[in-house]
J.: 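Before I ask anything, here is the structure I am working with.
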Amino acid sequence: MAKKLFIKTHGCQMNEYDSDKIADLMQTEEDFVLVDNEKDADLLVLNTCSIREKAQEKVFHQIGRWRKIKDVKPDIKIAIGGCVASQEGENIIKRAPAVDIVFGPQTLHKLPSLYKKEDQTLSSQVDISFPKLEKFESMPSPETSEASAFVSIIEGCNKYCSFCVVPHTRGHEVSRSVEDILNEVSALADQGVREIHFLGQNVNNFKGTFRGEKSSLARLIELTGKVENIKRIRFTTSHPHEFKDDLVDVYGKVPELVSHVHLPVQSGSDRILKLMRRRYSAEKYMNLVERILDVRPDMRFSSDFIVGFPGETDHDFEQTMNLINQVKFDESFSFIYSPRPNTPAAEMQDEIDHDIKKERLNILQNRLSQLAFDYSRKMVGTNQECLVMGVSKRDPGQLQARTICNKVVNFSSTDTSLIKQITNIHIVDALPNCLRGALQN
Ligand code: SAH
Ligand code: F3S
């Protein structure tokens with residue numbers, strides 16, 4: 001009988017992608033099936049995130065809950081992967097002896113062998129090394145029934161922004177080859193995928209080879225646009241410093257590339273940007289936004305923001321608000337700064353009162369929600385080209401689709417043949433978190 005696997009994923013889209021790969025691997029190599037209920041599982045996997053302090057605390061709380069299941073069912077195994085695993089390694093087992101396996105983001109392909117070894121020896125296994133690209137060479141062909149799929153193109157990050165733990169947990173940048181990526185894209189297109197979402201911590205520094213020569217993200221996008229049945233291309237995350245001219249130009253060449261880009265700015269204050277080691281100024285960021293708008297006038301931008309970076313003054317914060325009002329970002333993410341181990345920012349004097357940080361976050365988030373809602377309201381009464389993703393989870397009489405800028409649209413229909421199709425939908429109402437639409441014939 002097949003063994004049962006339960007995976008819980010914290011954090012970013014890269015972790016979601018990695019979790020899918022873990023499921024594929026464990027199914028192919030160890031005959032596991034994925035289950036929805038953790039109490040049924042033989043193996044519990046937690047794919048962790050360490051980007052902020054709270055994310056890390058969540059790991060030990062989750063292990064505590066799983067330990068209670070293990071107390072009743074001692075044969076169950078617990079494996080911890082992802083960025084907290086990479087950062088803490090063996091310490092996880094020291095602090096939580098119920099854990100059997102620890103693996104990192106670059107060693108997830110070793111989970112089947114770590115599992116086997118632990119099972120045979122009954123001694124805990126840890127592998128958090130960074131073997132270059134080995135991970136992708138060991139992957140089975142992707143399998144999905146979805147309309148949209150993530151494809152990782154570059155792993156790790158070399159930027160060392162002063163606040164960020166990613167270069168420490170995911171290692172340095174390594175790009176996959178263009179051929180390898182296009183094979184994955186074609187395999188996904190053959191299974192009905194219509195939207196490809198390229199992933200990496202810093203996708204615009206992609207340097208994968210094509211026919212033996214160093215290539216670029218712009219070239220990869222052009223080639224992906226030619227793959228049959230791929231109708232939409234997205235990418236995250238791009239760093240403003242490396243958004244080169246060829247990437248801007250590609251917006252004029254590849255209609256499949258969506259008119260929406262996530263371009264994290266973090267702050268609008270040059271002083272703070274410098275302390276963050278982001279390598280651009282607010283003016284440079286604005287110039288980039290304008291250059292992209294020249295090529296694609298309907299372009300929408302979203303961003304990540306950090307408030308309360310050490311030493312951030314009211315004036316610095318005002319400059320961030322000014323930038324937000326200038327760019328008019330669509331749905332974005334914002335966080336209170338959280339000191340991370342081994343990062344230079346963690347050594348900086350941080351004297352801002354927590355209440356002030358919370359107040360700034362509140363002001364910023366209110367403005368961002370307002371701007372995102374303005375875009376939604378402006379869409380009411382228009383027809384939008386949408387990709388139908390599936391049946392709405394809340395109402396089986398409705399289908400759920402996504403607009404070009406990735407807003408969710410629900411509309412009444414039971415015609416499941418529309419799923420995975422690009423369809424014109426008339427937007428009839430805007431709610432804070434989604435749109436309501438009606439099918440256009
Ligand atoms: N590669 C991306 C960022 C990945 S991390 C980039 O180019 O910027 C995702 C987001 O988490 C970051 O954009 C940042 O806004 C936030 N973040 C990272 N480290 C943080 C920290 N120490 N405290 C608070 N937020 C942080
Ligand atoms: Fe982190 Fe900066 Fe890289 S935010 S992921 S170090 S681009």
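FYI, side chains are in, hydrogens and waters are out, and symmetry mates aren't considered; it's all heavy atoms of this structure. Atoms within a ligand are numbered from 1 in the order they appear, just like the ligands themselves.
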J.: Between Tyr280 and His241, is the ring centre distance below 6.0 Å?
T.: no
J.: Backbone, side chain, both or neither: what part of Gln201 comes under 4.0 angstrom of ligand 1, heavy atoms only?
T.: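 Contact part for Gln201 vs ligand 1: both backbone and side chain.
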J.: For atom 3 (Fe) of ligand 2, which protein N/O/S atoms are closer than 2.8 Å?
T.: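 Only Cys157 SG fall inside 2.8 Å of atom 3 (Fe) of ligand 2.
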J.: Could you establish whether Asn202 and ligand 1 come within less than 4.0 Å of each other, counting only heavy atoms on the residue side?
T.: no
J.: Can a donor-acceptor pair be found between the side chains of Gln125 and Asp100 at a distance below 3.5 Å?
T.: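 Side chains of Gln125 and Asp100: no pair found under 3.5 Å.
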J.: Of the side chain and backbone of Lys159, name the one, both, or neither that has a heavy atom under 4.0 Å from an atom of ligand 1.
T.: neither
J.: Give a yes/no verdict on whether any heavy atom in Arg278 is under 4.0 Å from an atom of ligand 1.
T.: yes
J.: Between Asp298 and Ser259, do the side chains contain an N or O donor and an N or O acceptor separated by less than 3.5 Å?
T.: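 Indeed, the side chains of Asp298 and Ser259 share at least one donor-acceptor pair under 3.5 Å.
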J.: Ignoring hydrogens and geometry beyond distance, is a side-chain donor-acceptor pair present between Lys135 and Thr107 at under 3.5 Å?
T.: no
J.: Record the part of Ile336 in heavy-atom contact with ligand 1 below 4.0 Å; permitted values are side chain, backbone, both and neither.
T.: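 Backbone only.
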J.: Looking only at protein heavy atoms, identify the closest one to atom 21 (C) of ligand 1 and say how far it is in Å.
T.: Ser338 O, 3.5 Å
J.: Would Arg340 count as being in polar contact with ligand 1, using the rule that some N or O on each side must be under 3.5 angstrom apart?
T.: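 No - when backbone and side-chain N and O of Arg340 are compared with those of ligand 1, no distance drops under 3.5 Å.
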J.: Does the residue Val166 have a heavy-atom contact with ligand 1, meaning some pair of atoms that are separated by less than 4.0 Å?
T.: no
J.: Looking only at heavy atoms, which two atoms of Leu273 and Ala282 are closest? And how far apart?
T.: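 Residues Leu273 and Ala282, closest heavy atoms: CD1-N, 3.8 Å.
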J.: If we only consider heavy atoms of Gln266, is any one of them less than 4.0 Å away from an atom in ligand 2?
T.: no
J.: Quick one: look up the protein heavy atom nearest atom 17 (N) of ligand 1 and list residue, atom name and how far away it is.
T.: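 I find the closest protein heavy atom is Arg52 NH1, 3.6 Å.
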J.: Among Arg402, Lys420, Arg234, find the residue that satisfies the salt bridge (charged side-chain N to carboxylate O under 4.0 Å, His left out) test when tested with Glu195.
T.: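 Among Arg402, Lys420, Arg234, the one meeting salt bridge (charged side-chain N to carboxylate O under 4.0 Å, His left out) with Glu195 is Arg234.
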J.: Taking both backbone and side-chain atoms of Gln266, is any N or O found less than 3.5 Å from an N or O belonging to ligand 1?
T.: yes
J.: Less than 3.5 Å between some nitrogen or oxygen of His239 and one of ligand 1, yes or no?
T.: no
J.: Specify side chain, backbone, both or neither for Phe163, according to which of its non-hydrogen atoms lie closer than 4.0 Å to ligand 1.
T.: both
